[in-house]
Amino acid sequence: MGQFVVAGGRRLAGAFEVSGSKNAALPILAATTLVAAPVTLKGVPLGLSDVQHMLAMLRELGVRVAPASPSRVTVDASGPLSSVLPEQYTRAMRASVFLMGPLLGRLGRVTVSRPGGCNIGPRPIDMHLKGLAALSVRFDDRPGGRIEGGGASLRGAVIYLDFPSVGATENVMMAAVMAAGETVIENAAREPEVVDLAQFLNAMGAEVHGAGTDRVWIRGQLPLHGGCYELIPDRIEAGTVAIAAAVTGGDVTLAHVIPEHLTPLWRKLTDMGVEVRPSAEGMRVSASGDLAAASLRTGPHPGFPTDLQPLMLALMTQAAGCSTLVETVFENRLRHALEMRRMGANVLTDGRMAVIYGPTPLDGAVVEATDLRAGAALIVAGLAARGTTVVLGADNVARGYERWAERLSALGADVILDP
Ligand code: UD1
């Protein structure tokens with residue numbers, strides 16, 4: 001499992017180079033199975049365990065994978081591919097469902113295991129299945145929680161998503177690229193990673209319009225070709241470091257960041273008294289005085305990103321007054337609040353809502369990273385705490401943060417990864 005050991009009380013300062021986006025890399029890697037030619041991707045966070053899992057899964061399916069540098073990989077899906085996703089991978093990583101759309105598009109059939117819930121909620125895939133079924137895919141349940149999709153060839157359709165699910169939008173988009181005729185996704189997710197996937201598909205010869213709005217339009221069955229594509233920077237990693245700078249009264253410049261991807265965060269940090277300004281190198285985030293309480297509600301993009309909610313909760317423990325936080329995207333995403341209470345945070349939770357009274361001095365404790373962003377938030381709380389915090393479950397953090405102890409330490413933190 002491993003653990004992070006954080007000695008609190010150090011101020012973060014300096015420059016931080018943001019990695020390529022994990023949540024763009026996973027669907028785009030899956031989408032390479034649509035292309036029967038080599039594709040080179042740049043800015044891939046190859047150090048992440050989720051990305052390594054996706055690459056392992058691609059290899060297992062018959063894709064040739066050749067990593068060339070710490071952030072560049074060439075994948076070649078021109079050979080024969082299997083349509084069956086190995087169960088050990090689908091169980092280990094939820095993002096394996098991203099392979100459903102492209103494999104249905106490329107091969108006309110797919111077999112996956114139904115992913116289980118995870119620590120932030122049940123996370124069903126009903127919208128993925130409904131969207132793909134609208135493209136004429138028939139799904140049958142098989143023993144052992146397997147689902148088999150196939151049937152007639154894919155036909156374009158108009159699909160309305162009941163919620164702007166990121167994964168369902170991406171899956172349908174990838175399948176629709178190979179469907180006959182046109183597909184329209186209404187109430188589509190508008191996240192920057194959805195836009196990045198559309199741009200990747202278009203760079204390979206597809207025609208996807210409207211990504212970034214709630215109506216995405218795809219013309220199917222255009223011939224795809226190989227090529228080279230660079231992923232967007234990881235807005236959640238950037239946001240995590242910005243919040244870590246703020247909680248330590250630090251001064252950090254984020255390089256390789258697209259500021260518009262994080263508008264809600266910059267606004268909220270500014271409301272709380274943190275100085276945020278664009279600089280020649282990127283975005284500079286500095287905090288010197290007291291932090292003010294704030295209220296925030298997560299929501300699909302362009303709302304406040306749910307993935308930064310746990311981090312904001314850590315920051316709010318250090319803000320003067322009563323902060324409130326409402327999680328609208330996931331059902332069970334406040335477990336980190338209970339862990340932070342062990343560090344002395346004054347937090348009350350009720351269902352999807354948390355009320356945080358601050359500022360409260362935090363004390364180091366042994367806490368558990370119940371999921372990826374909860375783990376990141378506990379490390380950030382540890383940076384602000386007196387004494388030593390041990391964050392158990394380091395493997396959860398390694399899913400989404402590359403060389404994390406090393407990169408935080410380069411900013412002046414005292415963090416080690418104890419394997
Ligand atoms: C993606 C991100 C994740 C982020 C989330 C919301 C990746 C790899 N992960 O996850 O980091 O927190 O977007 O921004 O990109 N839902 C259903 N049925 C479905 C699909 C989703 O009920 O078929 C529900 C989920 O349980 C959740 C909500 O819809 O409550 C949002 O999920 P979704 O937008 O699909 O998130 P992911 O794509 O799984």
Side-chain angles (χ1 to χ4, degrees), residues 1-6 17-33 41-61 63 65-75 85-99 112-113 115-120 123 166-167 170 193 231-241 307-308 310-311 335-336 367-380 390-409 415-419:
M1 287 282 278
Q3 57 194 33
F4 284 94
V5 181
V6 186
E17 174 85 16
V18 178
S19 303
S21 163
K22 166 180 89 77
N23 287 352
L26 296 174
I28 289 176
L29 282 167
T32 62
T33 57
L41 297 174
K42 294 195 232 169
V44 184
L46 289 171
L48 301 181
S49 57
D50 268 10
V51 171
Q52 285 300 324
H53 261 110
M54 178 57 86
L55 294 178
M57 209 148 39
L58 291 177
R59 284 195 186 96
E60 193 80 22
L61 291 171
V63 178
V65 176
S69 75
S71 63
R72 182 192 285 244
V73 64
T74 297
V75 289
L85 292 179
E87 194 168 343
Q88 75 265 31
Y89 295 112
T90 45
R91 293 223 179 277
M93 194 183 63
R94 209 194 119 76
S96 53
V97 296
F98 286 133
L99 282 156
V112 291
S113 297
C118 72
N119 277 340
I120 59 175
R123 304 189 81 173
V166 175
E170 293 172 337
E193 295 77 16
L231 308 188
I232 53 171
D234 196 312
R235 64 193 167 107
I236 306 302
E237 185 187 82
T240 301
V241 175
D307 286 349
L308 290 177
L311 285 302
R335 290 179 63 181
H336 44 279
V367 288
E368 192 185 344
T370 47
D371 67 77
L372 163 57
R373 307 300 170 187
L378 291 166
I379 292 174
V380 165
V390 176
V391 182
L392 306 174
D395 48 344
N396 265 327
V397 177
R399 288 185 39 221
Y401 296 92
E402 284 183 303
R403 298 183 291 106
W404 202 229
E406 184 186 324
R407 289 163 81 208
L408 288 178
S409 299
V415 181
I416 54 169
L417 173 60
D418 179 2

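If you're wondering where the values come from, they're calculated on a predicted model, not measured in any experiment. These values consider heavy atoms only, across backbone and side chains, with no hydrogens, waters or symmetry-generated copies.
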Trainee: Any idea which heavy atoms bring G393 and A369 closest together, and the distance?
Mentor: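 Distance-wise, the nearest heavy atoms are O-CB, 3.7 Å.
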Trainee: I'd like to know if the side chain of R235 and the backbone of S21 have a donor-acceptor N/O pair within less than 3.5 Å.
Mentor: no
Trainee: Measuring only between side-chain heavy atoms, which start at C-beta, is E402 closer than 4.5 Å to P70?
Mentor: no
Trainee: If you define the side chain from C-beta out and look only at heavy atoms, does anything of V97 sit under 4.5 Å from V112?
Mentor: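 SC-SC contact between V97 and V112 ruled out.
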Trainee: Kindly indicate, with the supporting measurements, whether the criterion side chain to side chain contact (heavy atoms under 4.5 Å, CB included) is fulfilled by V51 and M54.
Mentor: CA-CA 5 Å; V51 171; M54 178 57 86; 5.6 Å; no
Trainee: For L231 versus G43, what's the shortest heavy-atom pair and its separation?
Mentor: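 Residues L231 and G43, closest heavy atoms: CD1-O, 3.7 Å.
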Trainee: Would you name the heavy atoms of V391 and G375 that are closest together and state the gap between them?
Mentor: CG1-O, 4.2 Å
Trainee: So, for A376 and V397, which heavy atoms are closest and what is the spacing to 0.1 Å?
Mentor: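 Closest approach of A376 to V397, heavy atoms only: N-CG2, 4.2 Å.
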Trainee: List in chain and number order the residues that pass ring-ring contact (aromatic ring centres under 6.0 Å, His included) with F98, two or more places apart in sequence or in another chain; answer none if no residue qualifies.
Mentor: none
Trainee: How far apart are the C-alpha atoms of I379 and T240, what are their side-chain angles, what is the distance that settles it, and do they pass the side chain to side chain contact (heavy atoms under 4.5 Å, CB included) test?
Mentor: CA-CA 10 Å; I379 292 174; T240 301; over 6 Å; no
Trainee: Quick one, L46 and Q52 - any side-chain contact, counting heavy atoms below 4.5 Å?
Mentor: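 L46 reaches Q52 side chain to side chain.
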Trainee: List the residues meeting side-chain contact (heavy atoms from CB on, under 4.5 Å) with S71, not counting sequence neighbours, and say none if there are none.
Mentor: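 Counting only residues at least two positions away or on another chain, S71 forms a side-chain contact (heavy atoms from CB on, under 4.5 Å) with S69.
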Trainee: Take E237 and K22, measure what side chain to side chain contact (heavy atoms under 4.5 Å, CB included) needs, and give me the verdict at the end.
Mentor: CA-CA 9 Å; E237 185 187 82; K22 166 180 89 77; over 6 Å; no
Trainee: Provide the closest heavy-atom pair for S409 versus V415 in the form atom of the first, atom of the second, distance.
Mentor: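 In terms of heavy atoms, the two residues are closest at OG-O, 3.2 Å.
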Trainee: If you apply the rule side chain to side chain contact (heavy atoms under 4.5 Å, CB included), what do you find for L58 with L99, and how did you get there?
Mentor: CA-CA 9 Å; L58 291 177; L99 282 156; 3.9 Å; yes
Trainee: Heavy atoms, side chains only, cut-off 4.5 Å: are R399 and H53 in contact?
Mentor: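 Sidechains of H53 and R399: no contact.
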Trainee: Compare every heavy atom of L417 with every heavy atom of A394, then report the nearest pair and how far apart it is.
Mentor: CB-CD1, 3.6 Å
